[in-house]
Structure formats: C-alpha cells, structure tokens
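Contents: one structure, followed by commentary.
All of these numbers come straight from a predicted model, not from anything done at the bench. To find a chain, count down the sequence lines: A is the first, B the second, and so on, and within it residues start at 1.
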Number of protein chains: 4
Amino acid sequence: MAAMSTAVTWRRDLHAHPEVGFTEFRTASRAAGRLADLGWDIRTGTDAIDPAARLGPPDDDVLEAAFTAAAGDGSWAGDERFLGAMRGGLTAVVATLDTGRPGRHVALRADTDALPITESAEPGHPPTAAGFRSTREGAMHACGHDGHVGMAVELAERLTAAPPDGRVTILFQPAEEGGRGAAAMVPAGVVDDVDVLLAAHLGIGLHSGAVAAAVDGLLANTKYRATFHGRAAHAAMAPHEGRSALLAAAAATLAVHTAPPFPGHETRVAVGALHGGTVSNIVPDRATVLLETRADDGAVNDEVGSRVRAALEGAAATYGCTVDVEPIGSVTTATGDPSVSEAVARAAREGGVDVVVPTADLGVASDDATAFMRRVQSHGGVATYLAIGSDLAGPHHTPGFDVDEAVLGPGVDLLERAVRALTAR
Amino acid sequence: MAAMSTAVTWRRDLHAHPEVGFTEFRTASRAAGRLADLGWDIRTGTDAIDPAARLGPPDDDVLEAAFTAAAGDGSWAGDERFLGAMRGGLTAVVATLDTGRPGRHVALRADTDALPITESAEPGHPPTAAGFRSTREGAMHACGHDGHVGMAVELAERLTAAPPDGRVTILFQPAEEGGRGAAAMVPAGVVDDVDVLLAAHLGIGLHSGAVAAAVDGLLANTKYRATFHGRAAHAAMAPHEGRSALLAAAAATLAVHTAPPFPGHETRVAVGALHGGTVSNIVPDRATVLLETRADDGAVNDEVGSRVRAALEGAAATYGCTVDVEPIGSVTTATGDPSVSEAVARAAREGGVDVVVPTADLGVASDDATAFMRRVQSHGGVATYLAIGSDLAGPHHTPGFDVDEAVLGPGVDLLERAVRALTAR
Amino acid sequence: MAAMSTAVTWRRDLHAHPEVGFTEFRTASRAAGRLADLGWDIRTGTDAIDPAARLGPPDDDVLEAAFTAAAGDGSWAGDERFLGAMRGGLTAVVATLDTGRPGRHVALRADTDALPITESAEPGHPPTAAGFRSTREGAMHACGHDGHVGMAVELAERLTAAPPDGRVTILFQPAEEGGRGAAAMVPAGVVDDVDVLLAAHLGIGLHSGAVAAAVDGLLANTKYRATFHGRAAHAAMAPHEGRSALLAAAAATLAVHTAPPFPGHETRVAVGALHGGTVSNIVPDRATVLLETRADDGAVNDEVGSRVRAALEGAAATYGCTVDVEPIGSVTTATGDPSVSEAVARAAREGGVDVVVPTADLGVASDDATAFMRRVQSHGGVATYLAIGSDLAGPHHTPGFDVDEAVLGPGVDLLERAVRALTAR
Amino acid sequence: MAAMSTAVTWRRDLHAHPEVGFTEFRTASRAAGRLADLGWDIRTGTDAIDPAARLGPPDDDVLEAAFTAAAGDGSWAGDERFLGAMRGGLTAVVATLDTGRPGRHVALRADTDALPITESAEPGHPPTAAGFRSTREGAMHACGHDGHVGMAVELAERLTAAPPDGRVTILFQPAEEGGRGAAAMVPAGVVDDVDVLLAAHLGIGLHSGAVAAAVDGLLANTKYRATFHGRAAHAAMAPHEGRSALLAAAAATLAVHTAPPFPGHETRVAVGALHGGTVSNIVPDRATVLLETRADDGAVNDEVGSRVRAALEGAAATYGCTVDVEPIGSVTTATGDPSVSEAVARAAREGGVDVVVPTADLGVASDDATAFMRRVQSHGGVATYLAIGSDLAGPHHTPGFDVDEAVLGPGVDLLERAVRALTAR
C-alpha cells in the first residue's frame, strides 16, 4: 500500500481538527510553519490582514479560548513560531516563493475555515469509517476547505522541489464562510503586486474527474446580525412593563422570509439563526438574528438588503423595541478573465482531465475570493475561479458532507501545471 | 459599628456566588455544613430528592461543570462533606433539629437557587456599591433567595442556642424558579411527618416593615420546552429542500402570545426564550422554545396549556416541521390554613410589626412551595405562605433587583416567634 | 289567547326588520311617529344629533340605499313625517312628554340599532319558529335592542294614558354598537335639562326574573379602523414592485393580539375584521382592519390604544406600507348614583321582582349610555345603568341570540314604576 | 377624419362596459349577435361550455344580478337572442364560418372578461381623456381583452367579406383571468375538430410594432380559495370561547409568502385577498383567502401547492380552526408548434411588421389558452400563442393600464393573413 500523499495526510489531520472563522490558529500556524520550513517567505498577523476590516469576528473570549487551545500541548497545538502574531484572530497567512527568475506573480487562494456543524457519526460516513471524524463537536469541515489547504501544501512542496518562473504566493485565507476574511486581507496589500489570481474550489456541483476552468454566477451576498433591544419584565407579574425583543425578532423572521422574487434575477434571503431569552418567565430584552441576502447583481442585492432593514426596523417598532442592524459579511460579484481560464483549461486537458467545462454556472454560490479577483483586476491583473470536481458523501454544509480524496492528487497536478504555465512569461 | 448578622453575612456571600437551579452545590453544601456543625441532622442527595422526579434539570455537562467548580478550591468551593451526595444535581438539603421535647414538627422552606440574569453593574446598585455584586456573569440572586437562606441559617443558630418544643426542619430547596425542585423533594418523603409548613418570601409587593400572614393568588403554572425539528439545507443552493425549524418556532411564538384572556380568571402565557440556528446560510433544522402558562385555577391552566400545544403543533405543521412539547416545570395552586396564618399574624404583632396584612393578594405569582403545602395538608397538617415586606432596589427578576437588608433581622425575629409558637403544643 | 302586548308586537316587527347603526330609518321614524301620535313632542335630525360628532358613520351610498328603502313602500317603509330630517343617517329621536305638573325630568335611553350578523335559520331558533326571523340577510337584532324599543313604546303608551309628574323623555339612540351614537347626541343638548337618566339593558348575564338596579364594570372602549396603503403590482410578473397591504394587515393582526395583560385591570384588544384585495394575482394595495380596545380604566385604555397604534404603524413599515388609523367609536366609563339605583331597586321590589341585585358586575361590557350619564352628572343630575334579566336563546352578538319575551311586560312595569317614582318630587 | 375601425369602436364600447369572469353577458351576447348577423354559426350556453367544469364561478346572486342588468334596457343591455342560454354564467360563445371549401379548420381564441379593478380617473389616462373610461366602479379591462374581442369582430367581418379556405372558428372565452373558462369549454368539445389553434395577446412586454410568433414560459398556475372556519364569540365578554378564523388566515398569509425559491425554476406564490369579519367586537368565525401558485413546471407547481396546503392547514390548527382549500382556477403549461409559429412569423413579415420575434420568453405569465392548445395537440393538431406588441399606458392589471389603439388595425391584418395562410391546404 502506497503512503498517503501530503494533500491527503494534511486534509485528514485538518478534518479531525476543524476551526471556524478567525479561530484557525492551529490550521494557519501549521501551514505557515510547513511553508517556512520549505523556505517560503511568510507574512501573518497584521502583515496579512487588517484587523479593523474584519466583518463579524467572534467575541474576544471565544478568540482567546481558541488561541489558548492552540498555544497548549497535544493534538490541538499550533506552530508556536507563528501563533503570537495571530492572537486575536489575525489568522491570515501569505506565503511567497520568489524564484528570482523572470516571470509573473501567480497567487492561489486556499481558504482555511470550518463550519459550526456537528459532523455525522454514522458508521458509514467516510471520515468516521476511516477514523478522522471531527474531534470537536459543533465544528466540521463541511465545505472542503481541509482539502484546499492539503492541496496547497502539497503544491508548495512540489514547487519548492522544482521551482517555476517568477513568483508564487499562497493566500491562506481565514473566514471564507460568511464572506469575512478576503475583504480584510485586501487592504493589507497582499495581492497588490499579483499578476494572476487563482481560486479553486472542490465539489460545488461537479463530479470527480471533471474540472471547470471558470465559474459563473457567484452571487453578491451580505450577511447581517440584527440585535433587537426591548425591555425586561417579569412575564407574569408585570408583562405590560416588558417589551419582548423575542416577539420582534420572531415577527422580523417571518417578514424577512416574505421578500418577493425579483423577476430576471436570482435572489435569496434567509434567517439562519435567532437567539433570545434565557428562562420562560422573563420578557426577553434582547434577541439576535443572523440573516443573509444574495443576488446575482450587486444593485439587486442592495435593494433586497434595504427591504430587509425596513422589515427588521418595522418589526422592532411593532413590538415597542429597537434594532441594530450590522453587516457581518459581504461578498461582491466578480467575473473571471478568459485568458486565465483558457490557460487553466489547457493545463487540465494536457494533464489528461476528461471533462473540462469552460464555464460552470453555479447558480447561487458566493465566495469572497471575488474580493481578491476584483483587486487584482483593478491594477491590470487577471483572475479565474475554477472548480475541481468531486463526488460528495453529502451536500455542502451538511453533517454528511465529505470530499472524494481521490481527486486531491489530480487537483494538485492541475494547479501545478496551471501555475507553471501562468508564471512563465 | 456593629458586626453584621449571620443573615446579612450569609446573604452577601451567596449574592456574590449565585447558582441557578439544580447547580446549587456551593450554597446547599455550605448550608448543610453549617447546620451539621450546629448539630442538626442532615439529609441530602437521594435522601432529600427523587432524581427522576426533577423536571427540566440542566444537561449533564452543565451539572458536572458546576459540581467541579464547587469541588475545587477558592471562593466557589463547597463543603466537601456533602458535595459527593449532591453530584448530578441532587442539591436538596433537609436539616432537622429534634429537641426531644413534645411538640409539633414545623418545617420552613428556604429556596436556594439564583436566576440566569446578569446583575446590574451600575455604581448605585447596592450590591455593586457594597462590593458583593455577583461574581458570575449570567447568574444573579434576583428574587431574594439569598436572603431566604441567610435568614434560615440565622434562625437555625438561634433555635440551636435556645431550642423550642418538638421538631424543626429547614427545607433547603433547589430550583424554585421554574417550579422544578419542590415537586421532586415531596416523593422523597421529606414532609411526610411535618405538622406545620411555613414558606416565607421577601418582597413580592410589600414594603419594608410590613408582613402578610398569608398570601392568596398563587397561580398554577406549567413550563414547557418545545423543540422544533425541521430539515437542514443550504439556504442559497437548496432552500426548497429545507424545512426551517426557526420559521416554525417564530410563528409559534407569535401564536402563543395571541392566547385570549379568560374572563373571570387571571391567566398568563409567554414565550421566554427561543434559540435556533448557528449561521446565516443554513436552514435551521432545530429550534427550541421555552414558555410558560399560568392561571388562578388548575383547570384553566390546563385549558391554556392545551391551546398552547395546539399552537405549537399547528405552527410546526405550517412549516413542514414537527415539534416535541415537554413540560419542564409545574406548580400547582394551594390555599393556606387560617390557623397557621393567624399564629403568624399574632407572632408578628407581638414582635412589634406595624403593618400586618392578614392575606395579601399577589395576583399572579407562582411558587412551588405549594407542592409542600398540599402534601402536608393531605395528611392533616396545616400550612401558610407568608410574605416579609422589603423595599426593593428594582423589580423581581430584573438586573437591578435587591432586597432591603434591614428587613432580614426582623424577618428572623418573626420566623423564630412563629416557630416557637407553632411547635408548642 | 290574550293579544300580544305593544312591547312584544313592536319588538317582533323590529326583529324582522333590523337596521344597523345610523341606518335605523324605519325603526326611528316609526317610533317617532307612534309617540307623535300619542302627543309627545318629537325632535329628530339635527335637533337630536350633531352630524359632525358621529364617529364611523357608514359611507354615503350605504346611508342613501337604506334611506331609499325606508322611503319606499312595503314592509320596510318608515314614517314619512320624520324620514326627511333623518336623511344621511341622522336617526336619533328625542321624544318628550311634558305633563305640566311639577316634578323632575327623567330620561330613558332606548337604543335602536341591530348588528351585521346573519340570524340563525335553525328551526328551533325562537324567531324562526315564531315567524319573525330577520328578513335581511346580514343584519340581526342580536343584542336585544328590539326589546328596548318595544318596551319604550309601551312605556310611552302607559305614561300617556296616566301621566306621571314632571317630564319624561325617551332617547331613541342610534348606533350604540360601536359606541357611536350617544356621544353625537350629547352635543345636540338632548340631556342638558335632564335630572335623572336611566339606561336599561336586557340580558347581559342575568336570568329571567332578576333585575340589577345598577351595573358596574362598564369598560372604556375605543374602536379603530386602520387602512393600510401599499402598492399594487402583478403578483407574478412584478411582485418586487408591489407592497402588499395585506401582508402588513396580517402581521398587524397578529401583533395586535399579542398585547399583554395589565395586571390589576381588565383589558381587551381584538381585531374583528380584515378586508383586502380582490383577486389572487394582484398584490393588494389596500387593506382595512377593524379593531377595538377596552379597559376598566380610561388611562389604561389609552395606553393599550397607543400600543395598538405602534403595532399597526410598525407592521405597515415592515412591509413597506403606510397606515391611517382612525377612531370610529369611543365609549367612556361611568359610575351610577346610589340615589337612583336605590329608587330602581325599590320599584323592583314593590313590583314583586324576586331577585333584586343592587349592583351587578358585568366584567367587560361597554355601552355608550355612559356619555349620557356623564353629561347628566356634569350638571348635577343623577343616573343609573340597570339590567333587566332575560334567559337567552344564545349569547349576545351571535346568530342564535334571542331574548325571553316573557320579561318584556315585567320590564315595562319596572320602568313605569321607576319613572313615576323618580319624576315625583 | 377617418371613421374609427370596427376593432376600435368595439373595444371602446367594451372598455366602458367591463364584465368580470362568467358575467360577460353583454359582451358575449353582443359578439354572438354580430357574428350571427354576419352569417356565422353560433353555439353558446351548454353547447359551448360545461357548467360543472367551471372552477370558481361567482355566487348565484352575483350571476343573476349581472344577467338582470344585461337583460334590461339601456347601455348595459345585451343581445336578447343569446342571453337566455347564457343565464347562470354560461357566457362562452363559439362562432364558426364554414366556407364549404376544402381547407383546414383554424380557431382563434378571444377572451372576453375584465378584472375587478377600479379604473384610473386621472385626466391624462387615455380612456378618461377620450371618454370611454369604465362606467362600472370596481371593474376594468386592465389586460386588453377588450382589444382582443374588438380585433376578433373586425376579423370576422373581413373573413365574411372575403372568405378563406376551410373553416374558421372564433372562441369567445369567458373567465380567462384566474384560468377558469378554457378548461370548461374543452369538455364541451369546442376544439375537438380544430386543426390549428391560435391564441393572441396584446402587450405582455412587447412594444407597439413588434410581433412574437410564439411565446415561451407560460407557467402552470393554480388558484385557490381557502375558507377558514372558527367559532364566533363576543370579543370582550367571551374571547376564550372564540376561535378567530381571522388570526388563522393572517398567519396563513404570512406563511404562504415564506415559500422558498426552487433553484432552477421560476415559481410564484401569493395571497391576493383576505376577507373576514364584520365588526370590531365579534371574534370572526369565517375568513376567506384567495391565493395562487405558479411554476414553469407542472410538478413544481404541484409541490408548491402541497406546501401551501400544509401552511393553510397548519395555520388553521394553530388557532383552533379548520380550513377548506378549494382550487378555483388551474392553468397548465403548453408548448407551441414551430410549424404554426413559422407561418405566423411569415404572415407578419409579409404584412410589413418590422420586428418579428420568433419566440418571446414572457417569464411568468399564465393563460388558460393552454387548455385549448393541449386539446388540439392531443388529436394531432397544432397551435401557437402569439403576442401583438403594444405600448401600454400602465402595467397589466393596474388602474392605469391601457393598450395602444394604433396596434389594433395591424393586429387584425396579421391575424387575417395568418388565418388565410393556415386554412389553405
């Protein structure tokens, strides 16, 4: 039996140790450590991300608890060389290999965060069966980012062993879920001198063996946290003195979901979470709602957003409450450049990929890699968002999700060919 | 300056160390320890409470974390002599002084639990000003139970020093809030040989200096946890495959609050908490609602409850979900006996209390001391629920609540006189 | 078999010809005609009511259609001598018998309007069985006002035949339902010289044979019409351009019903009607809601009203709509005078009534006779609201309602005795 | 100044006399009369429509009132030769010209009904300015059917004057709005021997001067009437005895509007009307909701429908009510035949039309002409749904709608050319 590849080894380890957005201390510091060992230049902390530009970071105590876990011993320990700079959730890593040879600067985005989902414990679920199920209840790599990091690390090893032209940067990005990390790395200047930006995603509708050289239909997406403020009271002795933030939040939840379709556009609006109150006999004075809007057009997304705000504010007023509405994630749309996607398609075909889709229409997905794409394009660079097909054990963002490990090796092959081709002038 | 009384000293210490229902490890073990030191007979653990009869105990990990804190060192440490028996939330304590002299067996209920409220940090809030504000965020003695325990301990000291006739028992009851503790102590037999049951409460509408010898209007009360089950899905990619438990719970919350008044009866129904979902882009497959019903008549309370169930089930069906409705607390009504309340009123007047209210109408309060009262009355005993007036820094169950410490001494005087009179044959 | 009394004959005729508020053209003009024939002085039209002070009159076309029906031939014809002055809904009649002898001026209120309910067609329903069921679908005397008018006419006949002292006035008041008529008659000065005001109601909780000399618990009551304005659009082709007034009204309906109880007070709030939209595929740009608030205290009623307004306005804003909130009925509280109720009780006992209740607590009823009571009391007069018990075929305001005709004769006896006693000085 | 064409004359007269679905007595009988005068064979009443197959006909009294108006004198009078057979809402007319020459049988659908909308009275609204605004408040030709009938009558005149080959039938169809008329004419056999079916619509997104030879995207559409049944009670005296059908209907309205999108499909769901209750102080025991679902696929439309039913039933149960859900309109999808649309396109080009769209994608419209199309196709015939562009004064189904009269003449030209070409073998 052959040894497992770096991509598979890393992804299994990460799968067992998932870290949600801005708490990727172990994941990011270990990736930084490995690439530092390979001789890549490493930027992290405030050199890789603008702390103030992060939307919706976790509370300080959550960040500190996660940091403490990674700063300790045992299987959750991170790489102490890089942990310090990351404290407080500055978990971006920018690793660069400068070959010194002429050529273009190609950057690959690898997102590092997991989702707040408890992984399936079904015996037949592949990570359970193979012994690398998440060891943290309530967190899970349910979107394949473990595979993205695994492929990136193996790619770095191969490029170190046989350097291409120009420069290569790997952007280990935190908090892709929710659209919160890329927009905060951009103002740190991390792609300001990048000529070609690649963002690759596993799965997203393509079967194992297929590759899409470009992806259409990345939606604009805004996430909001709405905090309703009412007035507490004893629910039996003085209900008339209370103003239930929970009633306001409940009415708002129904109202948000009544947003109409916009003919000619794909739109989405949904409340994903509502939390308010502690016990049954106190009128809750606080309730929090998490929701998001999406649209295939930024202006339509803004219009949906303005309706959502009106609904939230109206519902608050209906129940004598107030509401603070705060964007906690924002993803723009972006369009790839044919020159890059054609190069990717060529690389795929040369690598023996059978099914090469020029452009896949994903319908309704969002990815904040679009923030990198737009910045690179703004200074004359080019970009594509590509998909590496993978049969899935279950849908994205569900407890039964898992990628097909057999696609990781061919995926690294594809990325390696593409990088070599794109750096060459 | 005079030294602080036992009642004040204890209540300040407890105020700073609040423990919510069934986690009163420190409070209960320390009370048990002090009365054991005084020579009282102590029953705790399964001798004082029937574990299976507890409604709505916390999850095991919550119980274990609280136990661990009390089993450790420092200010949160409990009395290790009694902690072991309490593990798992068996935090009832029954302490008895048998004088050996003829006389009746009088029991006093002292409830021990705090509420899940974060205490006011305003500089003018008395506990903040005097340095005994709660040291645990999210927990607070906001209903005066700290004072109840303080008065009970001082009463025990006085009775030990100068024993009355007959027997005296103090019932340190967990989880009064929510109506979960008394009903579980009754099947352990703790009041089966009690002749006279006294339950005293601070505040509840009476000003400092006043005493009510009996209280009317204790409502029947049932608390429910409703858990909605839907189907998770990616909110943007496959919203049609999801069934939002959150929408169901939100609609149910509104519906529950539309329950009509019942002319001729006091009724209450309220949702106090709703929790569902984690992130903005997953259709939540689970949402939990905490609610309660109250009525001045058990049959009406049942009727309100049946409507609430219909509303919960209907709302679940409306959104393609299901719901489990589980009672997690239940308080019955009870009526006191004039023979006891007259003795209490006499004791008050003899003690120089200026304002003695024969019977106060509380309107809409509930207290599971009624479970003790009914059991004692069922075997021929008598009971009363009395109120010791206290000016309050803020309403019951709110962050600014605090009792007037000046009433604790006179309160112990009243209880002592009443116990001595009632034990005497 | 004895001939039917005037009270029964009139009430059966009126029962078969019910007219809702401000359209009582037939009822009022026939009563005016009969009392004119008896020699009473008649005021009607603007001499009896201030048109501008009417809250919530029907639309002009409704008033005109009802007038036209009464101005025609056949069973719906009114008395043409008085119809002209009533045109446009000025259907108040003030009939006075001035005996010329010394004595006080006693006024009796008799309300004339029916309700917009379709009467039961069950064979066993007494009016159906006896052949005097309502001949107008959608209108019904379901609160006994037909009996009030019948008793008043017979009383007038008896007083004409054997005049008492002083003066007697009968106030035939339109639009008691909704609290819209009395408040508009007061500014016309119709009770400015009245010494004693009697308002009598059949039923309201008392059984046949009983009389209550006074009634407590008349609630303040305000009725509102809320009109939501949105924006029409084709529901399939351009739903995003619409703003559904119906969604706003639906959310408002739920919100209004979540108003909390006010401990220590009886309060009510309810939406009784919602109308919006015409077909299934147009976003409705208009929806109308009828609702009312009640409370046993005017200030509490105002507070409930202000919450209702907030709920209506908040719900409108939630769905991008606006709302106009218009009071269309308003009833104040009033308290009777013991001197009058004692006289009524005496009259009842002298007349052989077995059960004489000094003061009945009706709980939650409202009657705008309180406007007359307050005005009479404001200039030094006295008043009472009395109840003449009646077994009922069904509850007030339901299709199966009917009064017990056997109580009408004794009712007139009581009123006659009371009037004779109260006019005598 | 030239005389107005038949199409314009007729359409103005019909515009001023709009009749909603199944009450088109004047419109249908006059059209039948004119074509009878031209010598066409006329079928109407039960020869043209199956009474039992009509979905959602108006109540009998509404039908009878409309019939009475058309049976009278004056401007609303219909043609008495045909009225009798139409009584009760059998307002379909099938008029056939059999030339006796060989050729195919071509049928043209002309829908006759108006909408329950009050027309704009703005001075600048073309029908107002030109003096043919609707003379019936609450009814309006707001979808161009007046123009359809006008064009059909002028076409009949032209074909009579110069007969084509084969046979021509004009289907004057009632109740297109709501999808209720065509499905009831089909079982009467009216298209069983038709070879070619044409359905033409004015406007629907195309500008004046353009013609679409075929239309895609006709959605499946189902309309429902949901009647909620509760229990009446006095809202203040016995609210607990009531079950508000209005609360149930309001909650259902919100719930229906929260139906999710179905990725990959166009769907619609909307409540267009809600009516319940009469006065503010009676708990409404009945409320009616009109709603519709649409989808570009019949199975998806059924799935949306099943969710809507669950929502309606769940909401009823939530408030202790029941609900009857009744389909009152149903439109299927249909696809045209290229052979017909190509003939139409050719006719258009030959007639000098500048913009000939082969197939227009209307997105989300529905038309029950699809019932005729499917039946004709089922026995081997062919069909197309074509659009005759028209600039509009306001959107379809709004008070400011009006067609551009200048397109009616060219529209008749197009239909005449197409009929002559298609009948010729």
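- Inter-residue side-chain proximity for A:Asp113 and A:Asp111 is flagged as met; some heavy-atom pair is nearer than 4.5 Å.
- Among C:Ala310, C:Ala248, C:Ala251, C:Ala316, the residue making the largest number of heavy-atom pairs under 4.5 Å with chain A is C:Ala310.
- The most heavy-atom pairs under 4.5 Å with chain C, out of A:Ala315, A:Pro261, A:Ala317, come from A:Pro261.
- With rounding to the nearest 0.5 angstrom, the CD1 atom of C:Ile328 is 5.0 Å from the CG atom of C:Leu290.
- Residues C:Pro263 and A:Pro239 are in side-chain contact: their nearest non-hydrogen atoms beyond the backbone lie under 4.5 Å apart.
- Residues from residues 221-232 of chain A never place a non-hydrogen atom less than 4.5 Å from a non-hydrogen atom of chain C.
- By the salt bridge (Lys or Arg N to Asp or Glu O under 4.0 Å) test, A:Arg180 is found to be paired with no residue, residues two or more places apart in sequence or in another chain being considered.
- Residues passing the ring-ring contact (aromatic ring centres under 6.0 Å, His included) test with A:His397 are B:His234, sequence neighbours excluded.
- Screening residues 304-319 of chain A for side-chain hydrogen bond (donor to acceptor under 3.5 Å, both in side chains), with sequence neighbours left out, gives A:Glu303-A:Arg307.
- When all heavy atoms are compared, the tightest approach of A:Thr384 to A:Ser341 is OG1-CB, 3.6 Å.
- Counting heavy-atom pairs under 4.5 Å between each of C:Ala255, C:Gly320, C:Gly264 and chain A puts C:Ala255 at the top.
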